[in-house]
Amino acid sequence: MRKTIIAGNWKMNKDASETEEFCVELGLYLGRHNEDRVLPLIAPGFPFLTRALEILSGLPAAVAAQDVSSHAAGAYTGEVAADQLRSLGLSHCIVGHSERRQYHSETDAEIRAKLLQLKKSGLIPIVCVGESLAQRENGETEQVVLAQMSGCFEQVDLETGREVVVAYEPVWAIGTGKTATAEQAQEVHGIIRDWLLQRYGADIAGRISILYGGSVKPGNLAELLQQPDIDGGLIGGASLQIADFCAMLDTAVQVVRGDSEC
Ligand code: PEP
């Protein structure tokens, strides 16, 4: 019912030729492997989106931006609008990544504004939420994550549930090598799913993919994907090497097909 999404967030990594090389390799992999229930997605830097789209054109893969302006158009030097992204042919965009919250002081209200711009333009926002280490240690995980969900989705109507993706990314697990255990991640994913269910009803909540992010790598993905409310990964470091990315796609295919030895 929900696709498993293996999403690579490249952050400020890879130049033009490295992007090209990765996409060509990914295209070759996708030519050999096809599983409708798994969606590979990459989020290269803004300057390389067009080339990534060209190389992956016609293949079962998605290309995402890593951020978008909260404004529709106009005098906002350096910003990129949702309509501009749509005009390239993009399908997804990450919003509210913890690095944007931390280094650019993004608030839930601003993330909500970005989400609404994307929705209006027909792009699928990947909305990131997650607690810090101090908040987890203080027992505030649920409260923090649900406050972020409420702030980002305030008065946001959904029609199908397929028009947004949520990513749970505990800040203490991002780029640190510390992954939440599958049980820790499932607990929070379950809390997010319940919140979505109460807010939007069972049908819509059941169609929203909730990705886990935080030091996901080929060795720990299978256990995470086997959890009932984990519908994929938002992956930073381990998405940069094509071999690791393809290994994670293989894992996702094995999990959706129910192969026992993954
Ligand atoms: C991320 O960038 O969203 C992320 C989860 O990074 P990493 O996989 O490197 O922890």
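Each ligand, and each atom within it, is numbered from 1 in the order the structure gives.
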Centroid-centroid under 6.0 Å between W10 and F48 rings: no

Protein residues having a heavy atom less than 4.0 Å from any atom of ligand 1: N9, K11, H97, E169, A173, I174, G175, G213, G214, S215, L234, I235, G236, G237

Locate the shortest heavy-atom distance separating [X] from [Y]; write the atom from each residue and the value.
X    : Y    : answer
V38  : L249 : CG1-CD2, 4.1 Å
E142 : I191 : OE1-CD1, 3.7 Å
V171 : S132 : CB-CA, 4.0 Å

Geometric class of the Y212/H189 ring pair [parallel <30°, tilted 30-60°, perpendicular >60°]: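 Rings of H189 and Y212: tilted, 30 to 60°.
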
All pairs passing salt bridge (Lys or Arg N to Asp or Glu O under 4.0 Å) where residues 104-132 contributes a residue, at least two apart: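 Checked against salt bridge (Lys or Arg N to Asp or Glu O under 4.0 Å) - neighbours excluded - the pairs reaching residues 104-132 are D67-K114, R100-E106, R101-D108, E106-K114, E131-R136.
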
